[in-house]
2 protein chains.
Amino acid sequence: MYEATRSRESHPFGPHQIDELLQLVQASVPFQRRLVRADDVIFQAGQAFVNLYIANSGFYKLVNSSGEGREQVVGLHFKGDWMGLDGIAHGCYGCEAVALDTGEIWAVSYESLFHSAMKTPALLAAMHSAMSRELVRDHDAMLSLCTLPADARVAGFLRYWADALEQRGLRTDQVTLRMSRAEIGNYLGMTLETVSRALSRMARDEVIRFAEKGRREIHIPQVQALTSFIREACAAPVGTANAR
Amino acid sequence: MYEATRSRESHPFGPHQIDELLQLVQASVPFQRRLVRADDVIFQAGQAFVNLYIANSGFYKLVNSSGEGREQVVGLHFKGDWMGLDGIAHGCYGCEAVALDTGEIWAVSYESLFHSAMKTPALLAAMHSAMSRELVRDHDAMLSLCTLPADARVAGFLRYWADALEQRGLRTDQVTLRMSRAEIGNYLGMTLETVSRALSRMARDEVIRFAEKGRREIHIPQVQALTSFIREACAAPVGTANAR
DNA sequence: CGAACTGTTGAAAACTTTCAAATCTGGTGG
DNA sequence: CCACCAGATTTGAAAGTTTTCAACAGTTCG
């Protein structure tokens with residue numbers, strides 16, 4: 001769903017930067033490794049804020065909840081991403097973090113991180129950079145949510161996931177979604193049926209292909225085709241192009 | 001639009017904290033004051049990131065743009081809020097910041113801030129807190145955007161504005177919107193007509209009252225009534241309650 | 001093999017947008 | 001001072017998109 005709004009060549013973000021971050025953390029602060037499996041909860045909303053969490057591997061979602069039971073996936077996180085940053089302000093986590101797959105999480109006490117950062121400029125810079133990237137992502141997510149029709153948001157979601165994999169040096173032609181249609185729909189502000197229909201249309205247009213029966217493994221011949229699909233979905237009323 | 005998702009009593013945020021922050025900045029880093037008027041641009045998207053900006057007074061919006069010309073208001077900022085934080089990650093601002101009214105902005109070089117923060121824990125803590133608060137706000141905005149119907153989002157917007165004023169020790173029964181219906185609609189992911197209709201319904205239900213001819217000054221007898229209105233808007237199909 | 005889940009698809013209903021027209025405000029110039 | 005114009009807001013009606021409701025198919029697991 002996120003958008004590459006402008007050039008970022010001056011500050012590339014790729015596998016090298018991510019490994020560097022992880023090494024930096026490893027070298028400068030104590031942390032605890034935790035292995036997680038799908039649906040494991042890393043921390044809960046409202047819980048006292050103590051640690052920040054860095055994904056060393058795996059996939060994670062952040063879920064925000066209203067008092068009345070409305071829930072919203074507000075972020076997806078991959079290797080090198082920090083989680084729990086929204087706990088700094090109020091002393092308790094604002095979201096719940098849940099693993100979408102098996103993976104390894106590093107827990108770093110914010111206090112020790114804070115002290116280390118005061119002595120290690122690179123660490124402080126990395127932390128600020130992580131928070132800032134998070135803000136950029138949120139803003140891009142809002143842009144997509146508010147200005148794109150449903151089909152385009154789903155295509156944008158796939159492109160975002162593919163981009164995240166690419167930044168981590170992984171192949172992007174094959175994406176295994178770790179989320180159900182309902183989770184995707186929640187994240188994108190639409191129902192699961194709408195997600196399903198959008199994916200079907202993309203498959204019909206051969207922008208994607210379903211690689212297995214479960215329909216969660218998605219083949220993306222060219223990520224760029226998703227961008228075209230988004231553009232078309234914005235321009236054209238539903239049945240205009242390729243209607244049969 | 002934002003939601004008070006859970007208790008935050010352990011870390012209150014009010015006029016005292018804001019004044020403290022401003023004093024802290026004043027005491028620890030050099031900064032430039034800049035007086036602005038409505039529609040003045042503080043910084044533009046893509047511009048080289050040098051300064052962070054702190055609102056000393058006035059009202060501001062942050063606008064994110066896609067390459068194809070779609071624009072989205074992704075944040076509203078008040079006294080004590082930081083702007084430009086999304087520039088840290090990529091070395092250029094991700095959004096454009098625009099003043100909604102006259103006000104005073106403080107420009108602080110990020111570099112000098114960074115250095116001062118390494119020596120002044122309170123400053124570093126304040127900065128992290130500001131970024132974290134921003135993340136929480138974004139998450140709450142996404143929750144509203146994705147889970148609330150249009151009427152409720154507009155009511156939530158008014159409540160958010162009133163809350164922001166209250167946190168700054170200002171009166172909340174009288175709110176002068178600094179934004180046109182179109183800007184509000186953009187921020188809330190709906191058209192200006194939908195905003196207008198929602199406000200009209202709230203006025204009809206006496207949740208708000210228009211205090212002048214321009215219809216931008218809004219009287220809110222009890223902020224709590226907005227919360228009830230939101231709840232009702234969620235539960236009930238459009239013409240269910242108070243239909244005539 | 002059946003139950004529980006997940007995903008797909010169709011059709012009707014609901015909500016929001018689009019298009020249009022009218023009203024109002026504020027500012028400008030005669 | 002008043003007429004007039006541009007821009008903002010409101011409101012109605014039609015159109016469009018998305019949701020809701022429902023039924024069906026495929027998968028997984030005990």
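Only this structure's heavy atoms are used, side chains among them; waters, hydrogens and symmetry mates stay out. Source: prediction; values computed, not measured. Note on naming: letters A, B, ... go to the chains in the order of the sequence lines (proteins, then strands), and numbering restarts at 1 for each one.
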- From the list D:dT19, D:dT10, D:dG12, which nucleotide is the closest neighbour of the side chain of A:Thr194?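 Output: D:dT19.
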
Of the non-hydrogen atoms in [X] and [Y], which two are nearest, and what is the gap between them?
{"X": "A:Gln174", "Y": "A:Leu165", "answer": "O-CD1, 4.4 Å"}
{"X": "B:Asp205", "Y": "B:Phe229", "answer": "OD2-CE1, 3.6 Å"}
{"X": "A:Arg215", "Y": "A:Phe210", "answer": "NH1-CE1, 3.4 Å"}

Distance in angstrom units between [X] [atom1] and [N] [atom2], rounded:
{"X": "A:Leu199", "N": "C:dG7", "atom1": "CG", "atom2": "C1'", "value": "10 Å"}
{"X": "B:Met179", "N": "D:dT9", "atom1": "CE", "atom2": "P", "value": "11 Å"}
{"X": "B:Asn186", "N": "D:dA8", "atom1": "CG", "atom2": "C1'", "value": "16 Å"}
{"X": "B:Arg204", "N": "D:dT9", "atom1": "CZ", "atom2": "P", "value": "21 Å"}
{"X": "A:Met202", "N": "C:dG7", "atom1": "CE", "atom2": "P", "value": "15 Å"}
{"X": "B:Glu217", "N": "C:dT25", "atom1": "CD", "atom2": "C1'", "value": "15 Å"}
{"X": "B:Met190", "N": "D:dT18", "atom1": "CE", "atom2": "P", "value": "16 Å"}
{"X": "B:Leu145", "N": "C:dT16", "atom1": "CG", "atom2": "C1'", "value": "15 Å"}

NA contact type, [X], heavy-atom cut-off 4.0 Å: base, sugar-phosphate, or nothing?
{"X": "B:Leu192", "answer": "base"}
{"X": "B:Gly189", "answer": "sugar-phosphate"}
{"X": "B:Arg216", "answer": "sugar-phosphate"}

Just N and O in the side chain of [X]: are any of them under 4.0 Å from OP1 or OP2 of [N]?
{"X": "B:Arg215", "N": "C:dC24", "result": "no"}
{"X": "B:Ser200", "N": "D:dT11", "result": "yes"}
{"X": "B:Arg181", "N": "D:dT10", "result": "yes"}

Under a 3.5 Å cutoff, is there a donor and acceptor pairing between the side chains of [X] and [Y]?
{"X": "B:Glu212", "Y": "B:His219", "answer": "no"}
{"X": "A:Arg216", "Y": "A:Thr176", "answer": "no"}
{"X": "B:Arg70", "Y": "B:Ser65", "answer": "no"}

- 5'-most by nearest nucleotide on DNA chain D - A:Glu193 or A:Pro149: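 Comparing both residues, the 5'-ward one is A:Pro149.
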
- Over 12 foreign heavy atoms within 6.0 Å of CD, B:Gln32: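 Not more than 12 within 6.0 Å, no.
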
- Message: Taking B:Lys61 first and then B:Glu183, would you say they form a salt bridge - that is, a charged N and a carboxylate O separated by under 4.0 Å?
- Response: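 Here B:Lys61 pairs with B:Glu183 in a salt bridge, since their nearest N and O are under 4.0 Å apart.
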
- Message: Whether A:Arg137 and A:Asp81 form a salt bridge (side-chain N of Lys/Arg under 4.0 Å from carboxylate O of Asp/Glu) is what I want to check.
- Response: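 Salt bridge present between A:Asp81 and A:Arg137.
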
- Note on the structure: 5' to 3', nucleotides 25-30 of chain D under a 4.0 Å protein heavy-atom cut-off (B base, S sugar-phosphate only, - none) gives --S---

- Could you give the angle between the helix axes at the two ends of the helix from C:dC1-D:dG30 to C:dG30-D:dC1, with five pairs per end, rounded to 10 degrees?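 Inter-axis angle at the ends, rounded: 30°.
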
- Task: Over 60° means perpendicular and under 30° means parallel, so classify the ring planes of A:Phe59 and A:Phe78, tilted if in between.
- Result: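 Taking A:Phe59 first and then A:Phe78, their aromatic rings stand perpendicular (interplane angle over 60°).
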
- Query: On a plain distance test, is the side chain of B:Arg197 in donor-acceptor contact with the base of D:dG12 below 3.5 Å?
  - Reply: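 Counting by modelled atom types and ignoring angles, a donor-acceptor contact under 3.5 Å is found here.
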
